[in-house]
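Here is the naming used below: chain letters follow the sequence lines, and residue numbers restart at 1 for every chain. Computed from heavy atoms alone, side chains included, the values below leave out hydrogens, waters and symmetry copies.
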Amino acid sequence: MSQPTVQLAANFIRNIIDEDLASGKHQSVITRFPPEPNGYLHIGHAKSICLNFGLAAHYQGRCHLRFDDTNPVKEEQEYIDAIKTDVRWLGFDWGEHEYHASDYFETLYGYAEKLVEKGLAYVCDLSPEEMREYRGTLTEPGRDSPYRSRSREENLDLLRRMRAGEFADGSRVLRARIDMASANVNLRDPVLYRILRATHPRTGTAWCIYPMYDFAHGQSDSIERITHSLCTLEFQDHRPLYDWLCEALEIYHPRQIEFSRLNLTYTVMSKRRLLELVNEKHVSGWDDPRMPTLSGMRRRGFTASAIRTFCERIGIGKSDSVIDLSVLEDCVREDLDQTAPRAMGVLRPLKVTLTNYPEGQSEEFTAASHPKDPAMGTRAIPFSRDLYVDRDDFMDDPPSKFFRLGPGREVRLRYGYIIRCDEVIKDRASGEVIELRCSYDPETGGGALPEGRKKVKGIIHWVSAAHAVPVEVRLYDRLLRVADPSAEKGRDYREFLNDASLEVLSQALVEPSLVEAAPGAAFQFERLGYFCVDSKDSRPGRMVFNRSVTLRDTWAKMVGD
RNA sequence: AGGGGCGUCGCCAAGCGGUAAGGCACCGGAUUUUGAUUCCGGCAUUCCCAGGUUCGAUCCCUGGCGCCCCUGCCA
């Protein structure tokens, strides 16, 4: 697999790398994408993936895929597999460089003994509650643990027995001996190892002690000779510890650089919240098309290319940001406009009978699959007396600017004839419009416009009743009703879930050329939006289409959306 | 006086002492058998505020103000 070309806009991290290369500090660039396999990847991860792999590609270095698998109680093989699938789908290749922090458990343990031998770590018997007490607060210094002054010999003995499984879970920890009075809480003798009897997806029950993030991440970076270790802003306070450990251990010292994480309007991005949405059944799963997960977006019909473009456009910085969903949607439209074949589909069918078209007769029109790309070919569209158009394209009492059907109004059927609405049939009881009786102009087939005939402004899509394929269409909308739930102080994002985020249309009809469409295939339903065949629920006899994104709609905007 | 960050157009974001890139959004207009696409044009005399240094400051200094993160044996 070749790396996709990733355009990299200027950003402060590139500036740092340029300086490091110019000064000779580094000859090449090695980055890494370090997910914890405790959930599915989301678009925020895509930002990190594109950054890390993009930088590696740009500087002709390399990027490792490394699983930060140091907490077996939360991590699962299912997530490891899904993460690899998603990174590959996004278009990146880590080659031989797949690593796991668990690959380094033995080395990491050796580092722990080294720290003990240098008098820089000790085994502490404080309970979690006691430790919290001793830690102090943000404004008050902590106090030294009574176990802080154990001898090296005793610490080494205790550490070895911790590893050997002689102590109960949670009864002791290994701590770095730094400074209980530090203004940076992370430096108040942070825990390095805890006792935890859990089956690890890769190491099974080989270990009963596991290193903490702070004692695994930087060390793994060091082992892999990562030059620039990029992470999100919340780790800034950990950098002094990252640096302290590299110095104390006297090992290769990568540079940690932090950037701001991605937030998108109308959704949530943390794995914790996404897990909640899944567990509480607000969505159908991690790959629900409303989820900001990569698997959800893929199923929604967003392309890897669009997501890469998005990650390039939003840039990299250090200020808290919330990116407008429209940026992502624009990337999706930009990509799909070029690649998606056109087709016609009617979402909410309204019957149209052409009173002057012979019963039993039919004909075919040839339609281009793409208005600008002849190479995409054409398809045949059957036409007959009985048609369906979308209910949205008819108004009983339309304003003059409404260029569609209404009593006495003329409109062109896309690729077909101009028709005029002669009669509106309503249900006697409900008053609902149930049929339009129209007449067609035989001189106007396939877009023809006879001399002297005035052009009609409106063009609408349609399907032939006898030829159309009944399908299910799922319309998706924003997950939340508010743009930025974090701005709603003291309120839970679940209060803002959008009840209308999924609308299932079971009566939809599509043109017959779509029966062959494969799962995942994307189309533009003309005048409506981009749709793809659902990769999970679509069946040959009952196809399911997901709306990826609507087309821009200036009419909807005019009438006030 | 707890520590660490951030503050350039509605949302992102370049900019690194020489007189405010770009994208999205928004507003016009042209083309159009998708009210789509495409195409033209508009959109920060101003960079959180106040002082200072300088011939000149968004970029340097000082002092404010606002927002975010940190007290897991999570990552």
Side-chain angles (χ1 to χ4, degrees), chain A residues 9-11 15 34-36 38 68 70-71 73-75 124 126-128 131-132 135-142 169-175 182-188 190-196 210 212-214 216-217 231-240 258 260 265 271-272 312-331 333-334 337-338 342 344 367-368 370-372 401-404 412-416 418 444 446-449 455-461 483 486 524-529 550-558:
Chain A
N11 63 56
N15 295 343
E36 182 193 11
N38 67 343
D68 239 331
T70 57
N71 185 7
V73 315
K74 286 186 179 176
E75 297 154 8
C124 182
L126 250 27
S127 70
M131 200 174 295
R132 196 179 314 127
R135 186 156 34 230
T137 69
L138 294 179
T139 52
E140 303 163 272
D169 283 13
S171 60
R172 288 178 223 263
V173 293
L174 179 73
R175 293 225 252 170
S182 174
N184 182 340
V185 185
N186 293 301
L187 261 20
R188 320 240 261 230
V191 173
L192 268 21
Y193 265 97
R194 75 280 217 188
I195 302 173
L196 203 59
Y210 290 93
M212 298 289 290
Y213 165 84
D214 287 308
H217 196 97
C231 61
T232 43
L233 255 27
E234 65 272 26
F235 291 101
Q236 286 177 122
D237 290 342
H238 292 246
R239 181 156 26 92
E258 311 85 11
S260 63
T265 54
K271 275 196 267 190
R272 192 200 97 220
E312 170 208 333
R313 278 191 196 169
I314 58 175
I316 299 294
K318 296 191 70 163
S319 56
D320 294 320
S321 64
V322 184
I323 308 290
D324 200 299
L325 227 207
S326 68
V327 180
L328 214 208
E329 292 181 338
D330 184 70
C331 292
R333 290 193 188 102
E334 181 179 299
D337 174 55
Q338 298 173 54
R342 311 285 125 123
M344 289 200 286
H370 191 106
K372 291 181 182 171
K401 291 284 198 178
F402 187 77
F403 308 133
R404 308 180 193 179
R412 177 179 287 284
L413 296 176
R414 177 80 162 147
Y415 303 116
I418 291 176
T444 58
L449 194 67
K455 206 167 172 176
V456 297
K457 181 88 174 140
I459 296 149
I460 67 172
H461 58 279
S486 75
Q524 182 197 97
F525 286 2
E526 293 206 36
R527 303 210 311 128
L528 295 176
T550 61
L551 250 31
R552 279 200 189 83
D553 190 344
T554 53
W555 166 249
K557 196 178 290 174
M558 261 174 74

Those residues at least two apart in sequence (or on a different chain) that pass ring pair (Phe, Tyr, Trp, His ring centres under 6.0 Å) with A:His370 are none
Whole-Å distance, A:Asn11 CG to B:C12 C1', equals 13 Å
| message | With a 4.0 Å cutoff (strictly under), does any side-chain N or O of A:Lys372 reach OP1 or OP2 of B:U32? | response | no
For A:Asp324, the side-chain hydrogen bond (donor to acceptor under 3.5 Å, both in side chains) test, sequence neighbours excluded, returns A:Ser326
Tabulated below should be each protein N or O lying under 3.5 Å from an N or O of nucleotides 57-59 of chain B; please produce it.
none

Contacts of A:Glu234 meeting side chain to side chain contact (heavy atoms under 4.5 Å, CB included) (sequence neighbours excluded), chain-then-number -> A:Thr232, A:Arg261
In 5'-to-3' order, the base (B), backbone-only (S) or no-contact (-) status of each nucleotide in nucleotides 70-75 of chain B, using a 4.0 angstrom heavy-atom cut-off, is BBSBSB
From NZ of A:Lys318 across to P of B:C12 the rounded distance in Å is 17 Å
The side-chain hydrogen bond (donor to acceptor under 3.5 Å, both in side chains) partners of A:Tyr213 (sequence neighbours excluded) come to none
Between A:Asp324 and A:Val327, the residue closer to the 5' end of RNA chain B by nearest nucleotide is A:Asp324
Hits for side-chain hydrogen bond (donor to acceptor under 3.5 Å, both in side chains) against A:Lys74, two or more places apart or cross-chain, chain-then-number order -> none
Residue set satisfying ring pair (Phe, Tyr, Trp, His ring centres under 6.0 Å) with A:Tyr193, at least two apart, ordered chain then number -> A:Phe215
side-chain hydrogen bond (donor to acceptor under 3.5 Å, both in side chains) filter on A:Glu258, not counting sequence neighbours, yields A:Arg239, A:Gln256
**Asked** Do the side chain of A:Ser182 and the main chain of A:Leu187 share a donor and acceptor less than 3.5 angstrom apart?
**Response** no
